[in-house]
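Read the structure below first, then the notes.
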There are 2 protein chains.
Amino acid sequence: MKLTPVMEKFILHWGEMGWRWGINRSVAQVHALLMLAPKPLPADEICESLDVARSNVSNSIKELQGWGLVRVVHVFGDRREHFETLRDVWEMFLIILRERKKREIDPTLHALRECATEAAKSKDADHTTERLAQLIEFMELSSNWADKAQALSPTSAKRLCQLGDKVFRLVG
Amino acid sequence: MKLTPVMEKFILHWGEMGWRWGINRSVAQVHALLMLAPKPLPADEICESLDVARSNVSNSIKELQGWGLVRVVHVFGDRREHFETLRDVWEMFLIILRERKKREIDPTLHALRECATEAAKSKDADHTTERLAQLIEFMELSSNWADKAQALSPTSAKRLCQLGDKVFRLVG
DNA sequence: TGGTTATTTCTGTAATTACAGAAATGTTAT
DNA sequence: ATAACATTTCTGTAATTACAGAAATAACCA
């Protein structure tokens, strides 16, 4: 697929942003390309469009599949696997939220709890145990929040966002 | 400052997590240490505790100051600068939210809008313009949401999180 | 079966990033 | 001023990460 300047620009930017959030640039670029593609793409078209090695695409796709952001599709009369990403931005967002919670928030909470237990046992300084307790409280609330948000349907998530002010006025 | 095993464990984990979110490991470790420290620390104590080079600490601190997460404090009778981080986890969270919005969401929205304008001009495929429009809508809502969240006081943010179910029941 | 094409895994290299130590700069005191 | 210490910036190296190309594996077909 030959890219237009707009597509190139978007793909470059998406790669850059993904990278800032700890996602490999190529992975984010493949994702960006699939978002723009009007139909599922086979790996070699991705190589060609992005001008990267076949192996790179293979690994990037695998990574995106690990996130649940890319699926395989078979095209009639074509032996190659074609790849597509979700069409709904909100659904993608919820998936990423779910994954990052699982990969980062949960282990952090677990580690913090271990730290707190050990700190109590080993009589660490009051300041340490207190600080850990604050962090645990924060992470627990975040965790609950993420659980609930992640369980929303894409449309509910969008509606909640659109509610905007209403939500914040609950506490403001 | 001699670290206890609990402190070490926490610092290591915090460094790891920060790193997964695109923050340099040393930077996150310095931040972790300052969170645990009962009082502001001078740079050389940080070197010693974390066993890293002085220059590394200097740069890490500068980075954290850039985020607004670390401040300089002067201690009577000591020429050295001492560093402390915020005591309130929620305030830290709001600051990070604000910064990341500024650094990542805003530029993305800007780039997306440029893409959309250029796509219209250059008659890119309908699919492309449509996809960009969806992304823009999503990023705009996220941006508004982040603006409002970021403007909350730490206590309000906490209260909003504690409200939990109530908020989600607005749409669920 | 062997031939053909698709895909993954392996291997080496290039590029980037992290970071220690040295040098330079700035600061305070005498 | 210059000595003593504090801090930042520079420079080279080590470690990691990214990634192309080759080799291996798998899938399909005739």
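Numbers restart at 1 for each chain; the letters A, B, ... are given by sequence-line order, proteins then strands. Hydrogens, waters and symmetry mates play no part in the numbers below; they use all other heavy atoms, side chains included. Note that the structure is a prediction, hence the values are computed from the model and not measured.
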Quickly work out the A/Phe76 CZ to D/dC28 C1' distance and round it to whole Å.
-> 15 Å
Nearest whole angstrom, please: distance from the P of C/dA6 to the CZ of A/Phe83.
-> 12 Å
Expressed in angstrom and rounded to an integer, what is the separation of B/Arg80 atom CZ from D/dA4 atom C1'?
-> 14 Å
Would you say the side chains of B/Gln134 and B/Arg131 form a donor-acceptor pair under 3.5 Å?
-> yes
Under 4.0 Å: is that the gap between some side-chain N or O of A/Lys62 and OP1 or OP2 of C/dT9?
-> yes
Considering only heavy side-chain atoms of B/Glu81, the closest of C/dT8, C/dT4, D/dT7 is D/dT7
Check the distance between D/dA6's P and B/His74's NE2 and give it to me in whole angstrom.
-> 13 Å
Taking CG from A/Asp44 and C1' from C/dT8, how many angstroms apart are they, rounded to a whole number?
-> 15 Å
Counting only heavy atoms not in A/His110, do more than 12 fall under 6.0 Å of its NE2?
-> no
Validation row: B/Ile96, B/Leu69 side chains within 4.5 angstrom (heavy atoms) | yes
Atom CD of A/Glu45 to atom P of C/dA6: distance rounded to whole Å?
-> 12 Å
From A/Ile46 atom CD1 to A/Arg54 atom CZ, the distance as rounded to the nearest 0.5 Å = 8.5 Å
In chain order, what residues pass the ring-ring contact (aromatic ring centres under 6.0 Å, His included) check against B/Trp67, with sequence neighbours excluded?
-> none
Residue pairs passing the salt bridge (charged side-chain N to carboxylate O under 4.0 Å, His left out) test with at least one member in residues 17-30 of chain B, sequence neighbours excluded, are A/Glu104-B/Arg20, B/Glu16-B/Arg20, B/Glu16-B/Arg25
Length of the CZ-P vector between B/Arg79 and D/dA4, whole Å = 12 Å
Name the pairs: protein N/O against N/O of nucleotides 16-20 of chain C, kept only if under 3.5 Å.
{"unit_1": "C/dA18", "atom_1": "OP1", "unit_2": "B/Asn24", "atom_2": "ND2", "d": "3.3"}
{"unit_1": "C/dC19", "atom_1": "OP1", "unit_2": "B/Ser26", "atom_2": "OG", "d": "3.4"}
{"unit_1": "C/dC19", "atom_1": "OP2", "unit_2": "B/Asn24", "atom_2": "OD1", "d": "3.4"}
{"unit_1": "C/dC19", "atom_1": "OP2", "unit_2": "B/Ser26", "atom_2": "OG", "d": "2.4"}
{"unit_1": "C/dA20", "atom_1": "OP2", "unit_2": "B/Ala53", "atom_2": "N", "d": "2.6"}
{"unit_1": "C/dA20", "atom_1": "OP2", "unit_2": "B/Asn56", "atom_2": "ND2", "d": "3.3"}
{"unit_1": "C/dA20", "atom_1": "N7", "unit_2": "B/Ser55", "atom_2": "OG", "d": "3.2"}

